[in-house]
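Hydrogens, waters and symmetry mates play no part in the numbers below; they use all other heavy atoms, side chains included. Below, read A as the first sequence line, B as the second, and so on, with proteins coming before strands; counting in each chain starts at 1.
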Protein chains: 2
Amino acid sequence: MNSFTEENYLKAIYKIAEMGDGAITTNDIARKLSTTAASVTDMLKKLSKKKFIKYKRYNGLSMTESGKRIALAVIRKHRLWEMFLVKALKFKWDEVHDIAEQMEHVQSEKLVQHIDKALNYPKFDPHGDPIPDTNGKMVLSKERSVLLADVKEGRQYMVTGVVDHSRSFLQLLDKSGIILGSKVRVKAVQPYDRSLSLLLNGKKNLFISNQIAKNILVSNNPKT
Amino acid sequence: MNSFTEENYLKAIYKIAEMGDGAITTNDIARKLSTTAASVTDMLKKLSKKKFIKYKRYNGLSMTESGKRIALAVIRKHRLWEMFLVKALKFKWDEVHDIAEQMEHVQSEKLVQHIDKALNYPKFDPHGDPIPDTNGKMVLSKERSVLLADVKEGRQYMVTGVVDHSRSFLQLLDKSGIILGSKVRVKAVQPYDRSLSLLLNGKKNLFISNQIAKNILVSNNPKT
DNA sequence: AAAATATTTTAGACTCGTTTAAATTTTTTA
DNA sequence: TAAAAAATTTAAACGAGTCTAAAATATTTT
């Protein structure tokens, strides 16, 4: 069995690999986990010995299949728990992250399956992130969504996710009335600061900064 | 925040104190936690420094109010999770212990409250053990139940709990058709080995050994 | 290509929880 | 009540994960 710490490292490494296109550096991992580069190096040796990553000193690293498998299992549990907390226990989407961060380490394959079933095998979590299935397969975010900030004027899109998962950002969206599934028509983009004026769900006018639009994901194609 | 290990020690100590009437010994704790007496001594010092117990070397220990509070909070979480797994996620009563053992350490007061509410504030868990409320108050088992092995012939009782929580024992009861709430009339007690012949729920005849009867709790008073 | 800078690794130390083996204290019993 | 037995504690060591500081290596700048 792997420790919580090992699982968290693998999850962090997986996410860095998924996001960034290039190499995964010691410092990236340290930053993501709020720890020091020295600690990361130590852990990389350990993960390497366990064959979860391929690692050569001063020379970056890559995940093995078994490392990816574990990372995806943890991510799956995290996102299923988030969904469960929201759907079954009536939590708000800004409240679930820290709890799921603990739940994701509970070891019970059966439990994961029961939750998955109870939720009717959801494909996305409350923030629009895709949930890996038992085999680690999931919808790729890239193929599905684009940033609201990058979108054409005059068209309508559906909100499918967020980039910033912080409580404050999610609460801000709540206040604006933006939730997953909301329809937004981009009425105009200010050339000066690229702030947007939107029509939300066909009724409400809304102004948002480019900073905010950069953290909202919308369907890749208009009208979907 | 206290570590999982500290919480497990406090829970174990609380349970030993609750059961046994006398002193709580280092060896008792070691046995309960499957560890060594030396480890226990070290931890007792730590818990003492944190004022969760009163401890004088070679001289036993007692729990402080704050120690009891933590132990009861952990027990509360454990039993609520067991109940939740059975009621909300359709687990069987012999499957939930090990999972709840992990869940009980999740830190979120709000989560506990949501589960408690979702279950409509249950007073007992799937094995008939009382669930402490937010203030640590719960029904005392002693006042509520007696062993089926100690009960009068010819009367009817309701099954309210089990002493042995092992999977094999619970599965055995399942097979016999005995569940929480079952009515059992004690038709006869064999003088030789004190085995019992029972009438289960007014219809099914059942023979059980004294060994089994010793692990079944029934309502204190007949007809309840 | 050398110097400056940034990144990464090593070294040494710390905490936590654990172990075994030895020492100490308490309890039992003869 | 003194010796034997049992229980408990201490001592020394270990693995996991962490840290700071120093050394090694890579990268960038000039």
Colleague: Think A:R57 has a side-chain N or O under 4.0 angstrom from the OP1 or OP2 of C:dT10?
Modeller: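 Indeed, a polar side-chain atom of A:R57 lies that close.
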Colleague: Any chance the rings of A:H97 and A:H127 have centres within less than 6.0 Å?
Modeller: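 No; A:H127 has its ring centre 6.0 Å or more from that of A:H97.
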Colleague: OP1 or OP2 of D:dT18 less than 4.0 angstrom from a side-chain nitrogen or oxygen of A:Y9, does that happen here?
Modeller: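 So the side-chain polar atoms of A:Y9 do come within 4.0 Å of the phosphate oxygens OP1 or OP2 of D:dT18, strictly under.
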Colleague: Quick one: is D:dT18 close enough that its OP1 or OP2 comes under 4.0 Å of any side-chain N or O from A:T36?
Modeller: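 So the side-chain polar atoms of A:T36 never come under 4.0 Å of the phosphate oxygens OP1 or OP2 of D:dT18.
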Colleague: Looking across every strand, which nucleic acid part, if any, lies under 4.0 Å from A:T26 by heavy atom: base, sugar-phosphate, or nothing?
Modeller: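 Touches sugar-phosphate only.
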Colleague: Whole angstroms only, please: what is the CG-P distance between A:N59 and C:dT7?
Modeller: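 To the nearest whole Å, that distance equals 16 Å.
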Colleague: Would one find a side-chain N or O of B:S3 under 4.0 angstrom from OP1 or OP2 of C:dC16?
Modeller: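 Looking at the OP1 and OP2 atoms of C:dC16, neither is under 4.0 Å from any side-chain N or O of B:S3.
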Colleague: Is the shortest side-chain N/O distance from A:Y58 to OP1 or OP2 of C:dT10 below 4.0 Å?
Modeller: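 Looking at the OP1 and OP2 atoms of C:dT10, neither is under 4.0 Å from any side-chain N or O of A:Y58.
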Colleague: Kindly state whether the ring of A:Y9 and the ring of A:F4 have centres lying under 6.0 angstrom apart.
Modeller: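 Not under 6.0 Å, so no.
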Colleague: Considering every strand and a 4.0 Å limit on heavy-atom distances, what is the contact class for A:Y55: base, sugar-phosphate, or nothing?
Modeller: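 Result for A:Y55 = sugar-phosphate.
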Colleague: Is A:T5 near enough to D:dA16 that one of its side-chain N or O atoms lies under 4.0 angstrom from OP1 or OP2?
Modeller: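 Answer is no, no contact under 4.0 Å.
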Colleague: Give a yes/no on whether any side-chain N or O of B:T35 is located under 4.0 angstrom from OP1 or OP2 of C:dT18.
Modeller: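 Indeed not, no polar side-chain atom of B:T35 lies that close.
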Colleague: Does the side chain of A:K45 get closer than 4.0 angstrom to OP1 or OP2 of C:dT10 through an N or O atom?
Modeller: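 Checking A:K45 against C:dT10: at least one side-chain N or O falls below 4.0 Å of OP1 or OP2.
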Colleague: If you compare every side-chain N and O of A:T41 against the phosphate oxygens of C:dT10 (OP1, OP2), does one of them come in below 4.0 Å?
Modeller: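 No, because none of the side-chain N or O atoms of A:T41 sits under 4.0 Å from OP1 or OP2 of C:dT10.
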Colleague: So, A:E7 and A:Q107: side-chain donor and acceptor under 3.5 Å apart, yes or no?
Modeller: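 Yes, because at least one side-chain N or O of A:E7 sits under 3.5 Å from a partner of the opposite role on A:Q107.
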Colleague: Does C:dT8 have OP1 or OP2 sitting under 4.0 Å from an N or O in the side chain of A:N27?
Modeller: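 It does, given that an N or O in the side chain of A:N27 lies less than 4.0 Å from OP1 or OP2 of C:dT8.
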